[in-house]
Number of protein chains: 2
Amino acid sequence: MKDKAWDKRRKIMTSALHLIAENGFHASPAAMIARNAGVGVGTLYRYFKNKDALIREIYMQVRQDMDDIIYRDYSEELPVRDRFMGIFTARVKYLLAHPDTYKFLEQYHHSPYYFNKKREKSASDEALFTDLLDYAKSRHIVKDMDNKILCAIAFGPILFLFKEHLTGSVRLDDELGGKMAGACWDALKF
Amino acid sequence: MKDKAWDKRRKIMTSALHLIAENGFHASPAAMIARNAGVGVGTLYRYFKNKDALIREIYMQVRQDMDDIIYRDYSEELPVRDRFMGIFTARVKYLLAHPDTYKFLEQYHHSPYYFNKKREKSASDEALFTDLLDYAKSRHIVKDMDNKILCAIAFGPILFLFKEHLTGSVRLDDELGGKMAGACWDALKF
DNA sequence: GGTTAAAGAGTGAATGTTCACTCCGATAAA
DNA sequence: TTTATCGGAGTGAACATTCACTCTTTAACC
């Protein structure tokens, strides 16, 4: 059965995700990842060519999972502002529920893995947000700037704040998330 | 003379800063840092207790240097908006001129160094921005939220965008920096 | 000033540890 | 029995850190 095999594979990935979130890439040796997943080191290398491949695969998986949930009940019927608010608050909810994912992603995004390697475009779901922005710009609802820039304005603050949340200097919750969404919308709108 | 000695110390620190910015913490061995600084490995350990201490000291130094320059010609005489714009654009200018510093800082901020250790408050200069916010809030010029949150709204976007700038997907320059400052101000203001 | 001794800075080969990764015997599935 | 999957001791390489030593500067003395 493939099921068992893929179960181990997933266990290795989540084990690595947690350890890396907590200790960083370097301080999460393969042996520890394997032990934590309840498998032998050899098994890890059966499923992943090397540690880098494992890390890169976790990255892609985790992005996919996150986007799937954030855009799960996204509807193009709603007004632009509501759509934005929905995406924003869904993102906050996801971050709060999955701090390890945040830690992993941000570590990855600020490491040479991300800087030095070619862009991996998954984009499929990211495209929904891009479409939203394009539509909003055509209607002069949001500022006419490059989408990357609008993304920065829209999500830069919440990522920044979540970092502070994790160090304990701010308490982020759904309510504050809503306020942030409002403020970020103000920055976006024409 | 102390001068020579501190010269080596500084050389080690800048060498480490560059290597870490480029290769990350783990892929910058002490031997390479020393070689790059033109000193022996032993010398590194004469000036720094260990690699962690070196990294932590670079972090504090680099923050200090950055704040010194950003707030160099900050004046409390100007209107609130102008003060904010000045700080923001000075920050952009600094980032553009010192990408290695950005890479180092962000790597540090998203690593266990920052997450797991107690807060190191230098704050001296950060305090100027906090004061500005407090004043602006008292005058109902900016939204009444916790300073950390306002910081996130103010600087989250530009940090996010600079990351994209470094991967080449956006070209950040002084002009775009100015536009970002304007947009972020919109998010801040009451 | 000249001589010599003490102090301190600088070094890199040597050390012990840790790691990523392999390999082969054990185990389970078919 | 044959075949596919696992596991973890084993391996070499790479690393952080040390230490025994040299070279340079300073201090002390005449």
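Note: hydrogens, waters and symmetry copies are ignored here, and every other heavy atom, side chains too, is used. What you see is a predicted model, and the numbers here were worked out from it, not measured in a lab.
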Less than 4.5 Å apart, any side-chain heavy atom of B/Glu106 and any of B/His110?
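Yes - at least one pair of side-chain heavy atoms lies under 4.5 Å apart.
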
Interatomic distance, [X] [atom1] vs [N] [atom2] [rounded to whole Å]:
X	N	atom1	atom2	answer
B/His26	C/dT17	NE2	C1'	19 Å
A/Phe25	C/dA20	CZ	P	13 Å
A/Asn50	D/dA13	CG	P	18 Å
B/Asp52	D/dT17	CG	P	7 Å
A/Arg35	D/dC6	CZ	P	19 Å
A/Leu44	C/dC19	CG	P	14 Å
B/Lys11	C/dT11	NZ	P	10 Å
B/Phe48	C/dG10	CZ	C1'	15 Å

Given [options], which nucleotide is nearest the side-chain atoms of [X]?
X	options	answer
B/Ala30	D/dA16, D/dG7, C/dG10	D/dA16
A/Pro29	C/dC19, C/dT11, D/dC6	C/dC19
B/Lys51	D/dA16, C/dC21, D/dG7	D/dA16
B/Tyr45	D/dT18, C/dG10, C/dC21	D/dT18
A/Val41	D/dT17, D/dT5, C/dC21	C/dC21

Residue list, ring pair (Phe, Tyr, Trp, His ring centres under 6.0 Å) with B/Tyr102, at least two apart or on another chain
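B/Tyr102 satisfies ring pair (Phe, Tyr, Trp, His ring centres under 6.0 Å) with B/Phe162 once adjacent residues are dropped.
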
So, is B/Tyr47 close to the C/dG10 phosphate, meaning a side-chain N or O under 4.0 Å from OP1 or OP2?
yes

Any chance the side chains of B/Tyr113 and B/Arg56 put a donor and an acceptor closer than 3.5 Å?
no

Does this structure show an ion pair linking B/Asp7 with B/Lys11, if we count only N-O contacts that are shorter than 4.0 Å?
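No, B/Asp7 and B/Lys11 are not salt-bridged.
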
Between A/Lys143 and B/Asp186, does any side-chain N to carboxylate O distance fall below 4.0 Å?
yes

